[in-house]
Structures are given as structure tokens and as C-alpha cells.
Amino acid sequence: MPRGRGSSVSTHEKLNVDAAVDSDKDNSRHKRSAYLLLGLFILFLHGSWSVYRMQFANLPLPLGAEQAGKRGFSEASALKHVKYLTGLGPHPVGSDALDLAVQYVYAEAEKIKKTAHWDVDVQVELFHTDIGANRLAGGLFKGKTLLYSDLKHVILRIVPKYLPEAEENLILVSSHIDTVPTTEGAGDCSSCVGVMLEMARGVAQWAHGFKSGVLFLFNTGEEEGLDGAHSFITQHHWRNSVRFAVDLEAMGISGKSTLFQGTHQWALESFAAVAKYPSAQIATQDVFRSGAIKSATDFQIYEEVAGLPGLDFAYTDTTSVYHTKNDKMELLQPGSLQHSGENMLAFLLHAASSPKFMKDAHQAKQDSTEQKKAIFFDILGKYMVVYPQRLATMFHNSIIFQSLLIWGTSLLMGGRPGLVSFGISCLSIILTLIFSIFLPVVVAFALPHICPFPVPFVGNPWLVIGLFGSPALLGAFIGQHFGFILLKRHIQEVHSRTKPGLTGNTMDYIVGLEAERWIFKSGFVQWLIVLILGTYLKVGASYIALIWLVSPAFAYGLMEATLTPVRSPKQLKVFTLVLALAVPVMSSAGLFIRLVDVMVGSIVRADRNPGGLPDWLGNVVVAVAIAIVVSFTFVYLLSYVHISGAKKTLLSVLCAFFGLALVLVSSGIVPAFTEDIARSVNVVHVVDTTRMNDGNTEPLSYVSLFSNMPGKLTQELMDLRGEEFSCGRNMTTDFVTFTVKYGCRSYKGSNAGWSKSEVPVLHVESDSAADDARRTVVSVDTKSSTRWSLAINMQEIDDFTIQVESDKLVQLGGKSEVDGWHTIQFAGGKNAPTKFQLTLFWSSNATQASPKEANAEDPPLLVKLRTDVNRATPMVETVLEKLPRWCAAFGKSTSPYTLAFLTALPVNI
């Protein structure tokens with residue numbers, strides 16, 4: 001009987017061996033060809049690009065006024081407003097152009113009032129702000145106090161005539177009219193103003209059926225630190241009637257207006273229910289709120305200061321033109337405004353007509369943080385998914401528990417051999433990531449040394465596919481193949497002991513098939529780890545890891561898994577791969593491409609202290625991001641290559657793509673920048689009086705040239721021959737809000753275009769001590785400038801106040817600092833005050849500068865002041881005319897105008 005049982009087992013194993021041998025005979029026939037693998041790669045890449053185009057570039061047809069009708073939204077009508085506003089050129093706070101822009105918006109609002117439905121009450125107001133102080137807690141505003149004065153906003157309120165309670169329940173729609181001084185602002189944010197005016201015209205025809213009112217705020221001062229929104233929400237008499245806020249913004253130009261911040265589930269669901277072309281990504285909210293994107297919108301004021309629920313929308317296409325001359329009308333894509341307008345008009349009609357919406361808005365302040373959080377994203381720009389964060393956490397934890405249970409049971413049944421195979425699979429994940437990052441990072445370090453510009457792909461972002469994508473994919477394959485080889489060796493050792501009947505090619509073939517399956521399943525482990533981390537950290541975009549785990553696991557379980565452990569492994573089916581990747585690609589491939597695109601576009605302004613970042617850093621950041629995306633998303637597809645005949649073909653194709661891209665950028669055949677996507681280069685005439693001593697010396701005057709993009713200015717200087725520029729890291733300039741650590745200077749013609757009467761004055765009025773407390777009063781006279789920045793040394797000063805005439809603008813307490821300094825930024829209109837009183841309360845630990853420090857070339861400073869004048873001096877005009885057309889000035893709230901005056905007080909006053 002024992003012999004018979006033993007004979008039976010041997011016969012069974014022999015049948016499996018024979019089957020394997022038969023399979024081995026057909027190995028050459030069934031082996032995946034290079035053409036098949038190449039086709040799969042093309043299908044994956046083309047599918048990803050198609051998803052991106054559908055999700056982010058598929059815009060609706062623009063409608064004319066007649067097509068839209070009296071109650072619809074017309075892009076053609078909105079574009080008329082954009083055309084007028086951009087025709088004014090740059091219109092920053094305090095400029096004549098901004099006054100004209102405000103007058104235009106006010107006149108258009110009056111037209112809407114005259115043409116509104118007879119049962120609709122429309123009120124238009126030109127709101128002139130008082131002087132105010134804005135101190136936000138976090139983000140870009142840590143260590144800052146923002147002051148403003150003499151701002152003008154246009155406010156348009158639309159309510160049903162015979163419903164008084166609607167006046168106390170308003171939905172705010174907000175955007176800004178002003179621009180930075182370096183752009184006409186077609187995208188940021190004349191497009192928003194145009195959309196709002198056209199929406200307001202439509203709302204005025206529908207509002208007789210509303211249960212609540214709609215308030216359109218066209219503010220100024222946003223570009224100076226969200227001053228416009230702050231002044232409205234703290235000063236205007238309608239502010240207490242606002243229950244919900246919608247902010248329209250732009251961090252690029254045109255494309256889809258994407259919902260990238262939302263506070264409450266019910267608000268997101270309301271938008272999802274009616275949006276005709278939904279575009280929403282919680283991943284962008286995760287990135288934005290992490291601080292990775294150094295920017296802010298008025299939504300921060302409405303959420304942080306007013307405590308309002310709301311939604312925040314922004315254009316993000318071609319973000320490299322943001323705040324430069326290329327934010328222009330010509331780059332607006334047809335359909336962009338139609339997309340935003342139709343979505344927003346539908347949402348406003350739904351929200352204002354719904355009693356439940358306003359009831360939810362009233363309830364919002366009582367909701368806990370967990371109650372209001374929600375996950376949201378769109379699928380192909382057609383459908384929007386919204387579900388509560390609590391449900392997401394519960395579902396993720398369930399999947400994590402089940403995955404760990406299945407893996408634990410499987411490893412327990414597999415014993416030590418299975419555990420070792422699992423360990424090697426995990427090692428393959430690490431090797432894949434390491435090699436995938438290593439190769440493109442090497443390229444990133446090399447590019448500044450072999451290309452005319454350190455970052456040679458901004459003007460043509462598709463080049464990153466060859467420069468970083470190809471090395472990343474090659475590295476991912478090499479790392480995974482090392483894991484595959486180690487797995488084969490281990491499995492071969494196990495089979496040589498447990499299945500002695502397998503020898504030669506048969507053994508190698510079966511071992512390869514089993515190793516292939518382990519490599520495929522390593523993708524489950526990889527995404528499971530990401531899901532665990534994302535769930536623990538409460539990252540909204542963790543749903544992406546869930547999809548990349550569940551969909552392939554389901555496909556594998558359906559097509560490949562078996563309940564017969566003695567069955568020899570078979571080759572993974574191609575259909576398994578297609579089924580595994582269909583849903584992940586459809587749900588997230590477009591988002592990955594968009595995030596990389598935004599990252600590439602953001603490099604042009606990455607160096608907040610010009611010259612402070614290494615030339616290679618921008619390349620490395622993009623290379624690492626691409627490598628991570630590649631190693632994580634190609635894990636399943638690459639597992640099909642190891643036992644195919646495509647390894648050499650894959651290597652050749654990837655090297656060819658890389659070589660071609662490298663030749664194109666190193667030779668300059670494909671330019672690093674174009675006229676439409678330019679390198680940021682700022683030209684500022686600086687008048688520096690920080691080293692003046694009681695008027696005994698003349699101010700130091702020069703023209704400063706610097707870039708917020710990593711890299712030297714060698715190519716630019718070729719067009720500036722004869723202008724006597726010298727460059728280097730010794731050409732540092734402290735602009736109070738930032739420091740130029742590498743730049744160029746020219747003293748040629750620098751005494752023209754300004755006068756000493758414009759030089760600001762810091763005068764110590766009194767310096768006294770009482771009860772061991774020292775107090776210093778400083779008068780600040782900014783002369784003709786109504787835009788200035790002042791920094792206070794908080795290592796010496798405990799607190800301070802700022803007073804304008806008899807009004808104390810900044811009170812004691814609540815001051816934060818960054819690197820030992822607290823910065824005050826002021827922006828105002830033409831009638832803003834220019835004289836202030838600064839009272840400094842010294843720290844008990846304050847130390848006087850030593851005689852050596854006081855007599856040093858750069859003594860320690862107590863107060864630093866920069867005043868800005870929006871005027872180009874003759875030398876600045878000459879430089880701007882000579883700069884290459886692929887150069888553009890970049891503006892932001894901390895940037896100086898083209899004429900800047902610097903002065904300071906030393907610690908030893």
C-alpha cells in the first residue's frame with residue numbers, strides 16, 4: 001500500500017514534468033516577441049496621453065452671444081472684457097491702468113443692472129477701502145504683516161426682489177482685477193473677470209427664482225498679498241451676509257478651470273451634480289496645501305479669516321507663463337472660458353435656488369474637521385467622484401487588512417521558500433526605485449555642463465520623455481531584472497530539491513515563469529505600502545494607490561490564480577495586463593502627466609533667492625518625480641519583459657530616445673526657451689543708501705540683473721555687450737523680501753532717471769529706556785512710493801507697533817518671524833499715506849554691536865526698507881530693449897518694481 005501511494009505521487013509529478021516539457025517544446029512559439037512588447041508599451045503610453053488629452057485638454061466649443069441666448073454663457077462676450085483689460089497693459093495697484101480697469105468693470109456692472117430681469121434687484125457699488133492690516137498664520141505669509149490702503153473694488157449684488165432673507169444669505173464669487181507689473185494678465189486674472197461679468201449677466205436673468213443672493217466681488221490688491229479679499233471680508237457692510245465663497249484664479253493660462261480646493265463634502269457634491277464639464281483633483285489640493293507650490297489665493301482669506309466654506313478654481317495650463325509678459329491674449333485657448341463659465345453658471349443657479357444648500361452653509365461652521373473633509377476627483381473630465389474622508393479611511397483600512405491577511409496566509413502556506421521569494425520581491429521594488437532614480441539623476445547633473453542652459457527643456461516640455469523618462473524606464477527595468485535574476489536563483493535551488501525531475505531547459509523555463517509571477521505581484525506590495533502611508537497621513541490622493549493595487553490584484557486573481565498548488569506555472573496572459581492597467585490608467589495617468597507638466601513650468605521661478613539654488617537642482621527635482629512615476633506605474637508592464645525576446649529591443653529604443661533628446665538640447669537645435677515660454681530675467685535700477693552716513697556719502701546706484709530660474713546669465717549678456725555688466729556671487733543685493741545671491745551689475749548711466757528727493761528716510765525720533773525696557777521711535781517716510789517692504793530684526797526686537805497719523809495700524813503681539821526677521825509689506829493706491837511711525841520695543845536679550853561690527857563694511861542691521869517706484873529709468877529701458885525675446889521679467893508680491901530704493905538702520909543706532 002505505501003509503495004502504491006508513492007508510485008501514484010511520482011506518476012502525478014511525472015505528468016506535470018511531461019506537461020512542462022511539452023510546454024518547453026513550444027516555448028519558442030509562445031515566447032513573447034519584441035513586437036508584442038513594443039505594442040504593449042505603445043498602448044500604455046498612447047492610452048496615458050489620450051487620457052490626459054481627454055481629461056485636461058478636451059474643451060467645449062465656445063458660444064457666441066446669440067448661441068448662448070439671454071440666460072446662457074457666451075465665451076465670445078467674456079472675451080470682449082478680457083480683450084479690453086489686457087489692452088490696458090499691466091495694471092498693478094496704484095497705476096493709472098488699474099483705475100481704467102476698475103472704471104470699465106464698474107461700467108459693465110451698471111449695464112448688467114439695467115438689463116436684469118424685472119423681478120431681480122441688482123446693486124452695484126464701488127468700494128473704497130480704509131487702511132488695513134492683514135496677518136495670516138501660515139503658508140507664504142508666516143513672518144509677515146501685509147498693509148494696504150486706498151484700494152478700490154467693484155461689488156455687484158444680485159438678489160430676488162421680493163425675498164428679503166436672500167439679502168442675508170449670499171454666495172460670494174470672487175476674483176481680482178489687478179495684475180503684477182510684468183504682465184497684461186490675460187490668464188491671471190482678466191479671464192476670471194471676463195467670466196464673472198458674463199456669469200453675472202446670466203445670473204441677473206435667473207435670480208427671480210433664487211432662495212439666496214449672489215455677490216460678485218471684483219477686487220484689487222490680490223497680487224500684493226490677498227489684500228483685496230481681506231479688505232472686503234473685514235470692512236464691507238455686506239461681509240456678514242456671505243455664507244459661501246467661490247474663488248476664481250489662474251496659475252497659468254487657459255485650459256480647464258480645475259477645482260483644486262474644497263472645504264466641505266456637500267459643496268463638492270453640489271458642484272459635481274450640475275457641472276457639465278467637471279474638472280477636479282484632490283491631488284492638487286494635497287500638493288498646494290503641502291507648501292510645495294509657493295503660491296496663495298484669495299480662498300485662504302475666505303477660509304482662514306472669515307471661516308467660510310467654499311470652492312477654489314484655477315487655470316493651470318502652461319504655468320511657465322505665470323506672471324510674465326507671455327500671460328497674453330494670444331495664448332488663451334478657445335473653449336477655456338466656456339468651460340469655466342458653463343460650469344460655474346450651472347453651479348450658481350443650482351446653489352442659489354436650493355434651500356438645502358444655504359442650510360448646509362449655515363451648518364458648516366459647526367461641522368468637525370473630519371465631518372467636512374471629502375475625497376474628490378474627475379474621470380476623463382466627464383464624471384466627478386465625491387465621497388467622505390471617513391468612508392475613504394474605512395475602505396482603505398479594510399483593503400489593507402485584507403491584503404495583509406492574504407499575504408500572511410500565502411506566506412504561511414508557502415513556508416520558508418515562499419518567505420524568501422517574498423523578500424526578494426520586496427528587494428526588487430527597492431532596486432527598481434533606486435536604479436530608476438539613479439540614471440535620470442545622473443543626466444540631471446550632467447545637463448548644466450553640456451547644454452547652453454542648465455534647464456534646457458522648459459520651452460519644450462516633451463523633451464523630458466527622452467531626457468529623464470527613458471533613463472528612468474531603463475533603470476527601472478535594470479533594477480527589476482536584478483530582482484528577477486535573484487528570484488530565479490532562489491526558485492531554482494528550491495526546485496532542485498523538491499522537483500528533481502526538472503532539469504535543463506525545462507527547469508529554467510518553469511523557474512522563469514514563477515519568477516515572473518513574483519515580480520508581477522511585487523507591484524501589489526509596492527502599492528500596498530503607498531496605500532498604508534497615504535491612509536496614515538490622510539493624503540486625499542491615496543485613492544490612486546488603492547486603484548493601482550486593487551485593479552491589478554483583481555485581474556491577476558481572475559485570470560492567473562489557481563487553487564491547485566501542484567500545477568506548474570504558466571506564462572502571464574497579455575489580457576491580464578490589459579485588464580489590470582485599464583482602470584488605473586484611465587483614473588490617474590492624466591493626473592501624473594499634468595503634475596509633471598506643472599512641475600516643469602514652475603522651474604522658471606523656482607529660485608526665490610536668485611542664485612541661491614544649484615544649477616542642477618531643478619533638473620534633479622523633475623528627474624526624481626518622473627523616475628518615481630515610472631518605477632511605480634511600469635512595475636506590472638516591465639514584469640512581462642524578463643522572459644521575452646524584447647530586452648535588447650527595449651534597451652535600443654530607450655537609448656535611441658535618450659540620445660535623440662540629448663542631441664537636441666545640447667546642440668541647441670530645440671531651444672531651451674521660446675518667445676512664448678521665456679526665461680525669467682528681472683531688471684531693476686537700485687539706489688542703495690544703506691551705507692550712507694548722515695548724508696556724507698552719495699547713494700550707490702546701479703542696474704541689477706537677476707533670474708529666478710537656476711543658472712548663470714551668460715547667454716543673456718551676449719546681447720548686452722557694451723552695457724558694462726559684471727556678474728558673480730559677489731554681486732549680492734538684499735531686497736529686504738529676498739536676496740540676490742548671484743546677479744549682474746552695471747553702473748553705466750545709473751545716475752539718470754531718479755532724484756535724491758525720492759530716497760526714503762528712516763529717522764530715529766527718540767530712543768529711551770524706562771524700567772529696564774528700551775523703546776525706539778522711528779519715523780518712516782517713503783516719499784513718493786506707495787509700495788514698500790520693511791524688515792525688522794526680531795533677534796533684537798521683542799515687538800513693535802506701526803502708526804499712521806493717530807491710527808495704530810499694527811498692534812502689539814502676534815508677531816512671527818522667518819530667519820530672525822519680520823517683514824511688513826505695504827501696497828496702496830495713489831492716495832495712500834507715505835509717512836508712518838514705527839515704535840520698536842527691544843528685547844531684554846538685545847546686544848549692542850561691538851565696535852568692530854559697527855565699523856565693519858556690513859554692520860548688523862536693525863531695520864531694512866525698500867521702496868518701489870513703477871518707472872523705468874533710461875538704463876533700464878535700454879537693457880529691456882536689448883534683452884533676447886526669450887527673456888521675460890517675473891513679478892510677484894515680493895518683487896521690486898523697475899526702480900527700487902534701499903535704506904536701513906544699524907543695530908547700533
Side-chain angles (χ1 to χ4, degrees), residues 23 27-48 421 424-440 465-466 469-489 491 508-527 548 552 555-556 559-560 569-582 584-585 589 626-627 629-658:
S23 177
N27 187 21
S28 58
R29 182 165 58 88
H30 293 295
K31 192 175 184 179
R32 301 186 193 102
S33 68
Y35 295 108
L36 174 63
L37 267 298
L38 185 61
L40 287 173
F41 274 92
I42 292 174
L43 179 63
F44 180 80
L45 295 173
H46 183 266
S48 299
S421 296
I424 297 174
S425 299
C426 294
L427 177 62
S428 77
I429 298 172
I430 298 172
L431 292 174
T432 300
L433 186 60
I434 290 174
F435 278 89
S436 183
I437 292 175
F438 175 74
L439 293 184
I465 299 172
S470 293
L473 187 56
L474 179 60
F477 174 72
I478 292 172
Q480 196 181 78
H481 196 65
F482 275 136
F484 177 78
I485 293 172
L486 293 174
L487 270 169
K488 282 187 66 176
R489 289 180 179 177
I491 295 170
D508 186 64
Y509 179 60
I510 290 179
V511 166
L513 292 178
E514 192 167 337
E516 177 186 65
R517 287 172 175 262
W518 274 107
I519 291 294
F520 186 90
K521 290 187 289 185
S522 70
F524 306 162
V525 179
Q526 167 186 280
W527 285 106
W548 280 88
Y556 183 86
M559 304 299 300
E560 305 291 347
K570 292 183 178 180
Q571 193 177 57
L572 290 174
K573 301 177 182 67
V574 172
F575 183 72
T576 302
L577 182 66
V578 174
L579 183 62
L581 296 183
V585 168
I626 290 175
V629 170
V630 166
S631 64
F632 276 74
T633 57
F634 278 83
V635 61
Y636 301 113
L637 179 53
L638 287 175
S639 66
Y640 277 62
V641 180
H642 303 291
I643 57 174
S644 72
K647 290 188 283 293
K648 291 183 179 179
T649 304
L650 177 64
L651 177 65
S652 301
V653 170
L654 293 177
C655 289
F657 271 114
F658 169 68

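Values below: all heavy atoms of this structure, side chains included; hydrogens, waters and symmetry mates excluded.
With Ser436 contributing its side chain and Gly475 its backbone, the two residues share no donor-acceptor pair below 3.5 Å. Remark: the backbone N or O of Lys488 is not paired with any side-chain donor or acceptor of Trp518 at under 3.5 angstrom. Lys648 contributes no side-chain N or O that, together with a main-chain N or O of Gly645, makes up a donor-acceptor pair within less than 3.5 Å.
Within the 4.5 Å cutoff, the side chain of Val641 has no heavy atoms near those of the Arg32 side chain. With a 4.5 Å cut-off on side-chain heavy atoms, Thr432 and Val635 do not count as touching. Looking at Met559 and Leu572, their side chains never come closer than 4.5 Å, going by heavy atoms from C-beta outward. Inter-residue side-chain proximity for Ser421 and Ile424 is flagged as unmet; no heavy-atom pair is nearer than 4.5 Å.
Not a single ring-ring contact (aromatic ring centres under 6.0 Å, His included) links Phe658 to another residue, sequence neighbours left out. A search for side-chain hydrogen bond (donor to acceptor under 3.5 Å, both in side chains) contacts involving Thr633 returns nothing, not counting sequence neighbours.
The line from NE2 of His642 to CD of Gln480 is 3.5 Å long, rounded to the nearest 0.5 Å. Taking OG of Ser652 as the start and CZ of Phe657 as the end, the distance is 12.0 Å to the nearest 0.5 Å. Distance OG1/Thr576 to OH/Tyr640: 4.5 Å, rounded to 0.5 Å. The distance from atom CD of Glu514 to atom CD1 of Ile643, rounded to the nearest 0.5 Å, is 11.5 Å. Interatomic distance, Leu487 CG to Phe482 CZ, rounded to the nearest 0.5 Å: 14.0 Å. The line from CG of Leu638 to CD1 of Ile478 is 11.0 Å long, rounded to the nearest 0.5 Å.
Residue Leu433 comes nearest to Ser631 through the heavy atom pair CD1-OG, 3.3 Å, listed as atom of the first residue, atom of the second, then distance. Annotation for Ala34 and Thr649: closest pair CB-OG1, 3.5 Å, computed over non-hydrogen atoms. Scanning both residues, Ile519 and Ser428, for their nearest heavy atoms gives CD1-OG, 3.8 Å. Considering all non-hydrogen atoms of both residues, Leu37 and Ala646 come closest at CB-CB, 3.7 Å. Of all non-hydrogen atoms in Pro471 and Gly466, the two that sit nearest each other are CD-O, 3.4 Å.
Under a 4.0 Å N-O distance rule, the pair Glu560/Lys521 does not qualify as a salt bridge.
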Would Phe634 and Phe44 satisfy ring pair (Phe, Tyr, Trp, His ring centres under 6.0 Å), going step by step from the backbone distance to the final call? CA-CA 9 Å; Phe634 278 83; Phe44 180 80; 4.7 Å; yes
Gln526 and Trp548: CA distance, side-chain angles, deciding distance, side chain to side chain contact (heavy atoms under 4.5 Å, CB included) verdict: CA-CA 10 Å; Gln526 167 186 280; Trp548 280 88; over 6 Å; no
Derivation and outcome, side chain to side chain contact (heavy atoms under 4.5 Å, CB included), residues Leu486 and Leu427: CA-CA 10 Å; Leu486 293 174; Leu427 177 62; 3.8 Å; yes
Take Phe41 and Leu473 through the side chain to side chain contact (heavy atoms under 4.5 Å, CB included) test and state the conclusion after the steps. CA-CA 11 Å; Phe41 274 92; Leu473 187 56; 3.9 Å; yes
Yes or no on side chain to side chain contact (heavy atoms under 4.5 Å, CB included) for Phe435 and Leu474, after CA distance, side-chain angles and deciding distance? CA-CA 8 Å; Phe435 278 89; Leu474 179 60; over 6 Å; no
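Between Tyr556 and Phe524, the ring-plane angle classifies as perpendicular under the 30° and 60° cut-offs.
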